[in-house]
Amino acid sequence: MDSNPACNDNDKKQTVQHSMLLCCKLYISESRNKEALDLIERAVKRDPETVIVNKFEDREYNRVRYTLVSYVAHDSIGCPIYSPLHQSVMAMAEAAYEAINLELHSGAHPRLGVVDDIVFHPLGRASLDEAAWLAKAVSADIGNRFQVPVYLYGAAHPTGKALDTIRRELGYYRPNFMGNQWAGWTQPEILPEGPNEGPNTVTRARGIAMIGARSWVATYNVPILSTDVSIARRIALMVSARGGGLPTVQTLGLVHGEDTTEIACMLLEPNQIGADRVQNHVQMLAEQEGLDVEKGYFTDFSPEMIVERYMKLISSGSA
């Protein structure tokens with residue numbers, strides 16, 4: 001017989017919380033300023049219920065991505081009402097806006113804002129509806145509190161509009177410096193497409209933010225041993241679904257360092273079209289150009305590994 005029913009109830013509550021998880025991937029336009037990143041990371045560590053399970057920095061792209069996880073709580077009829085992720089993301093955004101000026105930023109990866117992209121994914125027994133609920137709540141707060149235009153996408157958008165469609169409308173993919181770099185803010189300050197939250201005008205120091213919710217997306221990059229970014233862009237297009245290549249794959253051909261370019265890939269259905277298919281296709285196309293490729297790499301853990309790391313960090317108290 002259980003001698004401590006109260007303790008047992010707490011264990012059950014914790015188990016439920018840890019099975020209803022949301023993951024947030026927060027992309028910030030900075031990776032070279034350690035002081036700025038330290039401020040951003042200190043902001044999230046104030047809440048022990050949110051865990052940074054991974055951090056991916058790329059100095060060439062001048063971009064960092066934090067992978068955060070926490071639970072989502074519900075009311076008596078099952079509607080989501082609270083997640084520690086909400087305040088954690090807001091604290092990180094505030095620190096980023098205070099420490100980073102987009103007008104002074106440059107890098108080899110496209111971006112339109114200091115806090116460039118925030119995407120929520122369901123994990124465990126959580127649903128896409130719950131991820132969309134949190135995305136919409138965060139977008140309203142960022143738009144109002146920081147006066148930053150916010151564009152919703154995926155399950156958070158009223159009609160499910162895709163991220164790449166919105167980015168294309170806003171000129172995200174067009175380099176504005178040296179033919180292969182992105183620097184400052186060179187778009188109109190009055191936006192051609194009205195945002196879902198926040199003002200219609202852009203503060204050059206902060207730019208705009210994309211916030212969405214969708215099922216798991218894997219990011220996989222393949223280095224090409226060439227400095228010719230035009231070839232990388234041509235290969236990227238032929239690999240992508242948009243260019244008639246692999247279904248559910250989106251790509252960018254980007255400069256990456258002094259002697260390589262890279263095919264940066266988003267695998268929208270990684271269980272259907274995975275990294276091996278992408279690697280082989282890039283390799284075949286590169287060989288036709290007389291170029292060698294290196295083995296590609298994932299920029300984040302799998303959902304299963306992310307949940308495992310979250311559980312370990314929470315149980316050890318080192319989050």
Side-chain angles (χ1 to χ4, degrees), residues 9-28 40-55 65-97 115 117-146 148 150-157 196-198 209-217 300-301 303-319:
D9 286 345
N10 286 338
D11 288 344
K12 285 180 180 176
K13 182 179 178 183
Q14 192 174 51
T15 300
V16 170
Q17 283 185 345
H18 288 168
S19 66
M20 304 290 282
L21 299 176
L22 293 176
C23 172
C24 173
K25 294 191 178 186
L26 175 60
Y27 294 83
I28 293 173
I40 293 164
E41 288 159 33
R42 280 202 296 272
V44 74
K45 288 176 180 175
R46 295 173 195 149
D47 189 343
E49 294 188 305
T50 295
V51 177
I52 298 178
V53 296
N54 197 17
K55 172 187 177 183
R65 186 209 57 235
Y66 294 100
T67 303
L68 315 170
V69 177
S70 195
Y71 64 87
V72 56
H74 301 76
D75 63 16
S76 59
I77 60 171
C79 295
I81 55 172
Y82 172 72
S83 173
L85 275 175
H86 189 151
Q87 290 308 315
S88 297
V89 170
M90 290 301 295
M92 293 179 81
E94 181 175 26
Y97 287 131
V115 178
D117 183 20
I118 303 173
V119 59
F120 293 93
H121 303 291
L123 293 175
R125 289 173 45 238
S127 70
L128 190 55
D129 285 344
E130 289 158 332
W133 160 79
L134 187 52
K136 287 183 276 192
V138 168
S139 68
D141 279 0
I142 285 183
N144 293 329
R145 181 171 167 186
F146 303 121
V148 169
V150 177
Y151 291 84
L152 294 172
Y153 66 88
H157 188 275
N196 299 97
E197 298 286 353
M210 308 286 181
I211 302 181
R214 58 187 178 190
S215 300
W216 191 260
V217 172
D300 208 349
F301 302 118
E304 295 77 16
M305 289 177 66
I306 285 172
V307 171
E308 183 180 342
R309 287 174 69 90
Y310 167 79
M311 296 295 284
K312 282 183 179 177
L313 290 166
I314 284 289
S315 61
S316 68
S318 59

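Only a predicted model underlies this, so the values are computations on that prediction, with no experimental measurement involved.
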> So, taking the atom named CD1 in Ile40 and the one named CD in Glu94, what distance separates them when rounded to the nearest 0.5 Å?
11.5 Å
> Atom CD1 of Ile306 and atom CD of Glu308: how far apart are they, to the nearest 0.5 Å?
11.5 Å
> Quick one, Tyr310 and Leu21 - any side-chain contact, counting heavy atoms below 4.5 Å?
yes
> Does some side-chain heavy atom of Ile118 sit less than 4.5 Å from a side-chain heavy atom of Ile142?
yes
> Not counting sequence neighbours, which residues clear salt bridge (charged side-chain N to carboxylate O under 4.0 Å, His left out) with Arg214? List them please.
none
> If every non-hydrogen atom of Ile314 is compared with every non-hydrogen atom of Pro48, which pair is closest and at what distance?
CD1-O, 3.8 Å
> Heavy-atom distance under 4.5 Å between the side chains of Tyr27 and Met210, does that happen here?
no
> Are Leu68 and Met92 packed together at the side-chain level, in the sense that at least one heavy-atom pair is separated by less than 4.5 angstrom?
yes
> Give the minimum heavy-atom separation between Leu313 and Ile52, together with the two atoms involved.
CD1-O, 4.1 Å
> At their closest point, which heavy atom of Leu22 faces which heavy atom of Pro122, and how far apart are they?
CD2-CA, 3.9 Å
> Can you give me every donor-acceptor pair (side chain of residues 77-86, partner residue at least two apart or in another chain, under 3.5 Å) with its distance?
from  : atom 1 : to     : atom 2 : distance (Å)
Ser83 : OG     : Tyr71  : O      : 2.8
Ser83 : OG     : Leu85  : N      : 3.2
His86 : NE2    : Asp141 : OD2    : 2.7

> Going by heavy atoms in the side chains, are Arg65 and Asn54 under 4.5 Å from each other?
yes
> Give me the atom names and distance for the closest heavy-atom approach of Cys24 to Val89.
SG-CG2, 3.7 Å
> Contact between Phe146 and Val115 at the side-chain level, heavy atoms closer than 4.5 Å - yes or no?
no
> One pair to check against side chain to side chain contact (heavy atoms under 4.5 Å, CB included): His157 and Asn196. What are the steps and the verdict?
CA-CA 8 Å; His157 188 275; Asn196 299 97; 4.2 Å; yes
> Hey, what do you get for CE (Met90) to CD (Gln87), rounding to the nearest 0.5 Å?
7.0 Å
> Can you name the nearest heavy-atom pair linking Ala209 to Val148, along with the distance?
N-CG1, 3.9 Å
> Which atom pairs, donor and acceptor, lie under 3.5 Å between side-chain atoms of residues 126-138 and protein residues at least two apart or in another chain?
from   : atom 1 : to     : atom 2 : distance (Å)
Ser127 : OG     : Asp129 : N      : 3.4
Ser127 : OG     : Glu130 : N      : 3.3
Ser127 : OG     : Glu130 : OE1    : 3.3
Glu130 : OE1    : Ser127 : N      : 2.6
Glu130 : OE2    : His74  : NE2    : 2.4

> List the atom of Ser88, the atom of Val44, and the distance in Å for their closest heavy-atom pair.
CB-CG2, 3.7 Å
> With a 4.5 Å limit on heavy-atom distance, are the side chains of Phe120 and Val72 in contact?
no
> Kindly compute the distance separating CG (Asp300) from CE (Met305), expressed to the nearest 0.5 Å.
9.0 Å
